[in-house]
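Throughout, a chain's letter reflects where its sequence line sits, starting with A, and its residues are numbered from 1.
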2 protein chains.
Amino acid sequence: MRSVAEDLTTRARIRDAAIGLFGREGFARATVRSVASLAGVSPALVIHHFGSKAGLRTACDEHVLALTATQGREKTDPGTTRMLIQDYLNHPDEYADEIAYIRRALSDESDAGNAFFDGVVNQTEDIINAGIQAGTIRAFADIRATAVVIASNSLSMLMLGRHLSRVLGAPVSGPHGIGPELLRQLTLPALDVYTNGFYTDSRFLDAAREALQQQESTTEGSMPRDPGNRRRGVA
Amino acid sequence: MRSVAEDLTTRARIRDAAIGLFGREGFARATVRSVASLAGVSPALVIHHFGSKAGLRTACDEHVLALTATQGREKTDPGTTRMLIQDYLNHPDEYADEIAYIRRALSDESDAGNAFFDGVVNQTEDIINAGIQAGTIRAFADIRATAVVIASNSLSMLMLGRHLSRVLGAPVSGPHGIGPELLRQLTLPALDVYTNGFYTDSRFLDAAREALQQQESTTEGSMPRDPGNRRRGVA
DNA sequence: CCAGCGACTGAACAGGTGTTTAGTGTTTGA
DNA sequence: TCAAACACTAAACACCTGTTCAGTCGCTGG
């Protein structure tokens, strides 16, 4: 849920205007002047409060990240998730700016985008582990990689929302294009694939497994196998 | 495969430099001057050849779109697809600029991005139909929506490549971040989900179906059901 | 031979950019 | 009560942007 208190500090008003504008136009195309005029202040005041345009961006990053972190907790509980989704379906516009901003952050490869993606992957991994223990989710060989695949699939709707809506003829709502009608059309097909699979049998999987093993044996040890971020990589 | 003829027209050199720069920096941040210096010419010549920066972008759009259209044909044949993938794995750098450019076009919601996405969805639909007839792919209720889901999932790797590589500790190669090691790590988990599903049974699917039917009956007829682009939407 | 044409450049232009500066009032705290 | 701190602005700054202009070079057809 979301409190709609509109008595914000000027600083906060500028920041929110920037979040909306950065999400809609991108960081490069949104100007300090446009942010200022949207917030109803002078350009100089924007700099006065945030030091520079980059500083404003950092403040936006931190704000959006803090918001999503609060909502991200306890997502392992399916009830909470459902509540969040229903809340979104009832008040799509209130989240629109932040969603669009996150999409931009993920595209621009900013630190905030990195942190957000890491968080989603870690949450997905938690959900998978909980689901395996509850017996609702299959016990995968490489849970981390599976979490990455699932997280990536989920975020594709965020990244490509406008395209999905356009192709399916659903109304393109908000700066991200994800409206209730789009969710209505995609939920069952997506869950169907996740439940019954896409292929009829394991032919493709087996072929890929063999191909990879073959390649593995020919290039043995040539890859320096960086362990990387394979758990808890949040900044 | 790809011919590596480096005796290009100046016009083509400028265009290729622009494709690389637009993909790496984005259209707004890449300047005419930077394109010119990368191509080794004066800024004025860029305008002389393409009329304006927007004209240059249009030329890049058309060029990349033409390239991908050639490669997109006959993807229904699994052999062709495999050849393309292997070709990519052997020469990842040659495609890097175009891949990054397409990623940008999909993000910026340009006409080229729209056309590209529509093409991918239509090809996916063709593949599904062929697979259903061949018995390798399940016969889905809503083939179009399923194609959208699958296409969107596939393109998520393109959109989020850098994040995927970072989280999995795979080397971030090229401006898009998709390297052979990333493919190696994700192929089996992805195919596993597509083959055996993600959930152990149809509990989630059934719950969603019921929830949607319930919602359907309460909001009956309130939605203006635009048929939209539900087939062959390429420009 | 040379007029004409296209590729190409250096310099300039107008407008937009982020940022600074000097200066408003207005609040606050001793 | 007065000075310091604050929120805020108009105007200017230096720089960067896309684009134009005048002009040079080299080639090519008559």
Side-chain angles (χ1 to χ4, degrees), chain A residues 5-64 97 101 104-105 107-112, chain B residues 5-64 97 101 104-105 107-112:
Chain A
E6 276 306 340
D7 53 347
L8 292 166
T9 332
T10 305
R11 196 189 135 93
R13 255 186 26 243
I14 296 173
R15 188 205 51 217
D16 287 357
I19 289 175
L21 225 45
F22 287 164
R24 254 169 279 148
E25 315 263 347
F27 181 73
R29 269 187 17 193
T31 68
V32 173
R33 282 173 173 82
S34 64
V35 171
S37 99
L38 185 61
V41 299
S42 72
L45 190 63
V46 176
I47 302 296
H48 169 72
H49 275 300
F50 298 94
S52 67
K53 192 188 178 186
L56 174 59
R57 189 213 184 121
T58 308
C60 293
D61 280 354
E62 285 167 1
H63 184 71
V64 171
D97 279 353
Y101 189 91
R104 229 67 198 214
S107 287
D108 296 356
E109 193 75 10
S110 68
D111 286 350
Chain B
E6 278 304 340
D7 53 346
L8 292 166
T9 331
T10 305
R11 195 189 134 95
R13 258 189 20 248
I14 296 173
R15 192 227 311 119
D16 287 356
I19 289 174
L21 225 46
F22 287 163
R24 255 169 278 148
E25 316 263 346
F27 181 72
R29 268 186 15 184
T31 67
V32 173
R33 280 172 174 82
S34 64
V35 170
S37 98
L38 186 61
V41 299
S42 72
L45 189 62
V46 176
I47 303 296
H48 169 73
H49 274 300
F50 299 94
S52 68
K53 192 188 178 186
L56 173 58
R57 188 213 185 119
T58 308
C60 293
D61 281 353
E62 283 167 3
H63 183 72
V64 171
D97 280 353
Y101 189 91
R104 227 71 196 210
S107 287
D108 297 358
E109 193 76 9
S110 67
D111 285 350

- Item | Value in whole Å for how far the P atom of dG6(C) lies from CZ of Phe50(B) | 17 Å

- Think Thr31(B) has a side-chain N or O under 4.0 angstrom from the OP1 or OP2 of dC16(D)? no

- Task: Provide, to the nearest angstrom, the distance between the CD1 atom belonging to Ile47(A) and the P atom belonging to dT19(C).
- Result: 4 Å

- Task: May I have the distance from Leu56(B) (atom CG) to dT17(D) (atom P), rounded to whole angstrom?
- Result: 15 Å

- Query: Do the side chain of Arg33(A) and the base of dG18(C) come within less than 3.5 angstrom through a donor-acceptor pair of N or O atoms?
  - Reply: yes

- Message: Expressed as a whole number of angstroms, how long is the span from Arg29(A):CZ to dG16(C):C1'?
- Response: 15 Å

- Task: Report the distance from atom CD of Glu25(B) to atom P of dT17(D), rounded to the nearest whole Å.
- Result: 11 Å

- In whole angstrom, what separates Arg15(A)'s CZ from dA7(D)'s C1'? 17 Å

- Message: Give me the atom names and distance for the closest heavy-atom approach of Tyr101(A) to Cys60(A).
- Response: OH-CB, 3.2 Å

- Query: With sequence neighbours left out, what residues match Ala39(A) under side chain to side chain contact (heavy atoms under 4.5 Å, CB included)?
  - Reply: Ile14(A), Ala17(A), Val41(A)

- Message: In whole Å, I'd like the distance from the NE2 atom of His49(B) to the C1' atom of dT20(D).
- Response: 17 Å

- Could you walk me through whether Arg29(B) and Leu21(B) pass side-chain contact (heavy atoms from CB on, under 4.5 Å), step by step? CA-CA 9 Å; Arg29(B) 268 186 15 184; Leu21(B) 225 46; over 6 Å; no

- Taking the side chain of Leu45(B) as heavy atoms from C-beta outward, which of dC8(C), dT19(D), dT19(C) is closest to it? dC8(C)

- Task: Work out which heavy atom in Ala28(A) is nearest to a heavy atom in Lys53(A); give both atom names and the distance.
- Result: O-NZ, 3.7 Å

- Message: Rounded to whole Å, how long is the line connecting atom CZ of Arg57(B) with atom C1' of dT19(D)?
- Response: 19 Å

- Along DNA chain C (nearest heavy atom to each residue), the more 5'-positioned of Ala44(B) and Lys53(A): Ala44(B)

- Looking only at side-chain N and O atoms, does His48(B) come under 4.0 Å of OP1 or OP2 in dT9(C)? no

